[in-house]
Protein chains: 2
Amino acid sequence: MTFQKRAYKILELLEKFGEVEIRQLAAEINVSEVTVRRDLTAMAANGLLYRTHGGAMKISEVIKPVSFVNKAGVNIKAKDAICKRAAADIIDGDVIFIDCGSTAFRLCQFIKNKKIKVITNSLPVVNELLDSAVTINLIGGEVDATRQAVHGTTAYEHIARYRASKAFLGVDGITVEGLYAGSEHEASNTLAMALQSDCVYILCDARKVGKTSYLKFNDLSLVNILVTDYNNPDVTEFETKGISVLSVTV
Amino acid sequence: MTFQKRAYKILELLEKFGEVEIRQLAAEINVSEVTVRRDLTAMAANGLLYRTHGGAMKISEVIKPVSFVNKAGVNIKAKDAICKRAAADIIDGDVIFIDCGSTAFRLCQFIKNKKIKVITNSLPVVNELLDSAVTINLIGGEVDATRQAVHGTTAYEHIARYRASKAFLGVDGITVEGLYAGSEHEASNTLAMALQSDCVYILCDARKVGKTSYLKFNDLSLVNILVTDYNNPDVTEFETKGISVLSVTV
DNA sequence: TTTAATTCGATCAAAAATAATCATAAAAAA
DNA sequence: TTTTTTATGATTATTTTTGATCGAATTAAA
């Protein structure tokens, strides 16, 4: 019985009971207590479990895992429907930008098993995709705590170094006149990502279509595809401006 | 029977059983154990299987290496004592590097109320300092999921753009001969941060002092201050090399 | 607090597995 | 063909793994 196999067994028992005693393990695996003790020490050093006097505990019950949480829970159904449709366009081998909005965040759940590269400035996105098939490239720069995202000059320069096949971006408002953002930061970031992408998707639920906001940062020429649940004849206005509209129903 | 044929057979058996013993393989393929051993070594080097003592395992069966959160569970008392001492040296206005090791992570709790800038490649550090007085600059680049940190060429270039007054770094081992790391990534990162800092602190609990590891990546000239709980006359050896040793008791 | 019982870490020894060395056989190159 | 290189197996030295033992440290009980 090799160390690797014992480690497996130990983790299995740990998962089952939450905690285990050395005597119990020694009997179960059929090795001496000294060996079990050595195994536990090694595994604790590798962070696979938490060592206690006389045994071990599951790590999750001792230390809280790292987690960035995306709080924005508004209009989730619509956002999920939009993102599901958008995800259908993502194929293996794609390199995509995902911005730090609450809409684009919902995209994560649909792309976990795709073999793609994701470039993002959003900490919740990184956290969500950490244990997935996706390769993550995180934009560097100053961290904005309220948005849980990276912004600033360094960040935009970082974005400019990469080239993606698709960008999935949210906006604060979109009309035939152009794109609106809620802050300079958001605008700069959206713009930087869009400029480095072959195909720009705007993910935008119905509330924001036809609405303006604080800052108009670009006209519609930046956009290739608009994914929305806004089912209204007006969408033809966008199409005449050269934008493909993907309508979804909630 | 050529190597290629044997390799195929070995992978086949591995797929079937998940693990194999050398004796078993030698009998099955009808070659000596020495040859099997050589085959396994070669195949392991190419990442086709995981070598164990006495045999081999399927890669997927092997327990994932160091997950970062967990490693924080080892020797916490010593690490906290070390970090508390180190934090006493940090003053308002400082710009500091914090690396992605489990020791340096413990520093966060002591600096939350300081008016400083922290530059880091560690996601847990970012998470821990998100709601604090600290301004965070996150290194950008490829995300290493197991370490929950950012690494790669882009990351090291990002580091080179900044200049800090102090760097707080962990190592896998330190002797009078030099500094040791557990991987190329860790070494590159530590080195990059150290080179951009006016004063380099090595945070190192007693277990790692006097110990060597996988990779020696630099001599001691890189280091200015060693903070450790290693209370032994031998520390004078480091001091003769020009390093200030800050000893703490647990 | 003191005492007794565990548990731990260090050291040692035996067994197994590995790495290193060498000689031979097979294959490739000259 | 001869020479050189490569692959294999045998042999020996080294390393790793495991279990036993004992003093020190830790926990639980009195």
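To find a chain, count down the sequence lines: A is the first, B the second, and so on, and within it residues start at 1.
Annotation: of the two residues near DNA chain C, B/T52 and A/R51, the 5′-most nearest-nucleotide partner is A/R51. Residue order along DNA chain D, read from the 5' end via each residue's closest nucleotide, puts B/T35 first among B/T35 and B/H53.
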Practice problem: Applying side chain to side chain donor-acceptor pair (under 3.5 Å), run through B/T135 and B/N137 and close with a yes or a no. | Solution: CA-CA 7 Å; B/T135 303; B/N137 190 299; over 6 Å; no

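Atom CD1 in B/I10 sits 4.5 Å away from atom CG in B/D39 (nearest 0.5 Å).
Note on B/R37: every side-chain N or O is 4.0 Å or more away from OP1 and OP2 of D/dG9.
Checked for salt-bridge contact, B/R161 and B/E157 miss the test: no charged N lies under 4.0 Å from a carboxylate O.
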Could you run down the sub-3.5 Å N/O contacts of the protein with nucleotides 10-12 of chain D?
none

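Taking the C1' atoms of five terminal pairs at each end of the helix from C/dT1-D/dA30 to C/dA30-D/dT1, the two resulting helix axes are inclined by 40°, rounded to 10°.
The listed nucleotides are C/dA19, D/dG9, C/dG9; the one nearest the side chain of A/T41 is C/dG9.
Between the side chain of B/D99 and the backbone N or O of B/L169 there is no donor-acceptor pair closer than 3.5 Å. Checked by atom type and distance alone, the side chain of A/H158 pairs as donor or acceptor with a backbone atom of A/G140 at under 3.5 Å. A donor-acceptor pair under 3.5 Å links the side-chain atoms of B/K114 to the main chain of B/I90, judged by distance alone.
Among B/H185, B/Q148, B/H151, the single residue meeting the side-chain contact (heavy atoms from CB on, under 4.5 Å) criterion with B/C100 is B/H151.
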